[in-house]
Amino acid sequence: MAGDRALCCDLGLVPYAAAHRLQLDLVGRRIAGALDRDLFLLVEHPLVFTLGRHADRGHLGLSEAVLRERGAELARIERGGEVTCHNPGQLVVYPIVHLRQARLAVRDHVARLEEVMLQVAADCVVKASRDPRNRGVWAGGRKLGSVGVAVRHGVAFHGLALNVVNDLDPFSWINPCGLAGVTMTSLAIESGRPCALTEVKTSCRRALEQVFARRLEEIPSHALRP
């Protein structure tokens with residue numbers, strides 16, 4: 001067994017559909033044992049709106065046709081949660097974690113993802129916290145980061161999305177996470193200074209190691225090919 005080691009791969013800017021296919025492939029390999037350790041994918045996406053398995057399409061404020069005209073994709077996926085938005089400048093992390101092997105409950109896994117975002121925010125001198133209204137992290141009553149996971153045969157995937165320097169206007173086209181009247185924010189806004197995504201990724205890797213008690217081994221994307 002891989003023990004306290006895990007893999008980490010920065011995919012850069014990747015279309016959502018491609019990242020989703022990769023996740024499903026990696027989950028299958030983790031279940032089968034072909035992938036012998038947990039893996040964390042760091043990624044950005046072009047503008048896309050994703051809907052969880054029980055999401056209400058009524059939380060989309062615009063039609064699919066209008067979304068396409070504005071350059072956005074729409075994807076219904078198997079994670080929990082409602083509708084959310086991904087776009088460049090937002091850090092998305094997809095942990096492929098074998099919860100069963102780690103004897104980790106789903107709620108505890110979600111809490112770890114929130115803790116990662118809280119630590120990254122603190123590194124950026126942003127005071128963030130949890131909120132009982134919705135899973136994720138908040139700053140001054142504004143939503144800073146979201147969490148949504150799925151589990152297949154004991155292996156968790158999907159993960160967290162933390163707003164860093166992304167355009168927040170597309171969030172106004174939806175009810176983020178199914179919550180009406182929610183204001184979104186970002187690390188750049190809350191800190192009042194430019195936030196380099198590269199620095200935030202470094203902070204995120206450090207938080208992942210601490211929160212998940214894993215030593216991360218960086219690998220290139222081509223190493224993920226079967």
Side-chain angles (χ1 to χ4, degrees), residues 1-2 5-57 60 64 67-68 72-88 90-110 112-114 116-117 135-136 145-162 177 201 204-205 208 212 214 216-226:
M1 296 298 295
R5 294 174 295 149
L7 303 173
C8 183
C9 182
D10 186 347
L11 298 177
L13 183 65
V14 177
Y16 187 84
H20 186 231
R21 287 193 300 270
L22 177 60
Q23 279 193 86
L24 295 179
D25 175 65
L26 293 169
V27 168
R29 288 155 60 186
R30 190 75 178 95
I31 292 168
L35 179 63
D36 70 349
R37 67 192 75 177
D38 292 337
L39 167 67
F40 298 89
L41 301 174
L42 277 57
V43 63
E44 291 176 80
H45 293 306
L47 181 58
V48 60
F49 293 91
T50 65
L51 297 98
R53 57 184 177 273
H54 301 306
D56 182 350
R57 294 179 72 89
L60 279 172
E64 289 188 42
L67 290 175
R68 286 194 296 269
E73 295 183 34
L74 184 66
R76 183 174 285 278
I77 51 177
E78 59 280 274
R79 65 160 171 78
E82 279 283 348
V83 60
T84 194
C85 173
H86 303 302
N87 59 350
Q90 179 194 68
L91 176 59
V92 180
V93 181
Y94 295 127
I96 312 298
V97 173
H98 206 309
L99 301 182
R100 191 172 296 165
Q101 286 185 1
R103 298 181 181 178
L104 188 66
V106 174
R107 66 179 178 277
D108 297 325
H109 178 61
V110 170
R112 286 186 176 190
L113 297 179
E114 291 173 333
V116 167
M117 291 190 286
R135 301 312 299 251
S146 303
V147 175
V149 303
V151 180
R152 183 171 293 178
H153 299 290
V155 175
F157 57 115
H158 293 292
L160 67 86
L162 180 64
C177 302
K201 287 179 179 179
C204 182
R205 291 184 187 94
L208 288 169
F212 283 87
R214 297 285 190 273
L216 296 187
E217 175 188 342
E218 296 285 339
I219 61 171
S221 59
H222 64 77
L224 299 178
R225 296 170 189 158

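Remember, predicted model here, so these are calculated numbers, not experimental data.
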### Query
Yes or no on salt bridge (Lys or Arg N to Asp or Glu O under 4.0 Å) for R29 and D25, after CA distance, side-chain angles and deciding distance?
CA-CA 6 Å; R29 288 155 60 186; D25 175 65; 2.8 Å; yes
### Message
Please evaluate residues L41 and L26 with respect to the criterion side-chain contact (heavy atoms from CB on, under 4.5 Å), reporting the C-alpha separation (whole Å), side-chain torsions for both, the decisive distance (0.1 Å), and the verdict.
### Response
CA-CA 10 Å; L41 301 174; L26 293 169; 3.8 Å; yes
### Message
side-chain contact (heavy atoms from CB on, under 4.5 Å) for V149 and V147? Distances and angles first, verdict last.
### Response
CA-CA 7 Å; V149 303; V147 175; 4.3 Å; yes
### Task
Take R152 and L24, measure what side-chain contact (heavy atoms from CB on, under 4.5 Å) needs, and give me the verdict at the end.
CA-CA 10 Å; R152 183 171 293 178; L24 295 179; 3.7 Å; yes
### Query
Taking it one step at a time, do R76 and T50 satisfy side-chain hydrogen bond (donor to acceptor under 3.5 Å, both in side chains)?
CA-CA 6 Å; R76 183 174 285 278; T50 65; over 6 Å; no
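No donor-acceptor distance shorter than 3.5 angstrom exists from the side chain of E73 to the backbone of P46, with no hydrogens or angles considered. Judged by distance alone, with hydrogens and angles left aside, the side-chain atoms of R214 form a donor-acceptor pair with the main-chain N or O of F212 at under 3.5 Å. Checked by atom type and distance alone, the side chain of R37 never pairs as donor or acceptor with a backbone atom of A6 at under 3.5 Å. In this structure a side-chain-to-backbone donor-acceptor pair under 3.5 Å is present from E114 to G136.
Put simply, CG on L208 and CG on L160 are 7.5 Å apart, with the number rounded to the nearest 0.5 Å. Rounding to the nearest 0.5 Å places CG of L51 at 8.0 Å from CD1 of I77. Here the CG-CD1 distance, from L39 to I219, works out to 5.5 Å after rounding to the nearest 0.5 Å. Note that CG of L224 is 6.5 Å distant from CG of L11, once rounded to the nearest 0.5 Å. To the nearest 0.5 Å, atoms SG (C9) and CG (L216) are separated by 12.0 Å. Atom CZ of R79 and atom NE2 of H20 lie 10.0 Å apart (nearest 0.5 Å).
For the pair R205 and D10, the minimum side-chain heavy-atom distance is below 4.5 Å. Annotation: side chain of H45 is not in contact with side chain of N87 (no heavy-atom distance under 4.5 Å). Residues E78 and F157 are in side-chain contact: their nearest non-hydrogen atoms beyond the backbone lie under 4.5 Å apart. Side chains of L47 and L67 form no contact here, defined as non-hydrogen atoms less than 4.5 Å apart. Residues V151 and V106 are in side-chain contact: their nearest non-hydrogen atoms beyond the backbone lie under 4.5 Å apart. Proximity of V155 to Q101: side-chain heavy atoms (C-beta onward) are nowhere separated by under 4.5 Å. Annotation: side chain of V97 is in contact with side chain of L99 (closest heavy-atom distance under 4.5 Å).
With 3.5 Å as the limit, one finds no donor-acceptor pair spanning the side chains of H86 and E44. Side-chain polar atoms of S146 and R135 form no donor-acceptor pair below 3.5 angstrom.
None of D38, L113, V116 except one satisfies the side-chain contact (heavy atoms from CB on, under 4.5 Å) rule with P95; the exception is L113.
Minimum interatomic distance between P88 and L13 (heavy atoms only, all atoms of both residues): CG-CD1, 4.2 Å. Across every non-hydrogen atom of L162 and Q90, the tightest pair is O-CG, 3.3 Å. Heavy atoms only, all atoms of each residue included: V14 and A19 are closest at CG1-N, 3.9 Å.
No salt bridge links R30 with D36; every basic N to acidic carboxylate O contact stays at or beyond 4.0 Å.
The aromatic rings of Y94 and H158 sit perpendicular, their planes meeting at an angle over 60°, well past the 30° parallel limit.
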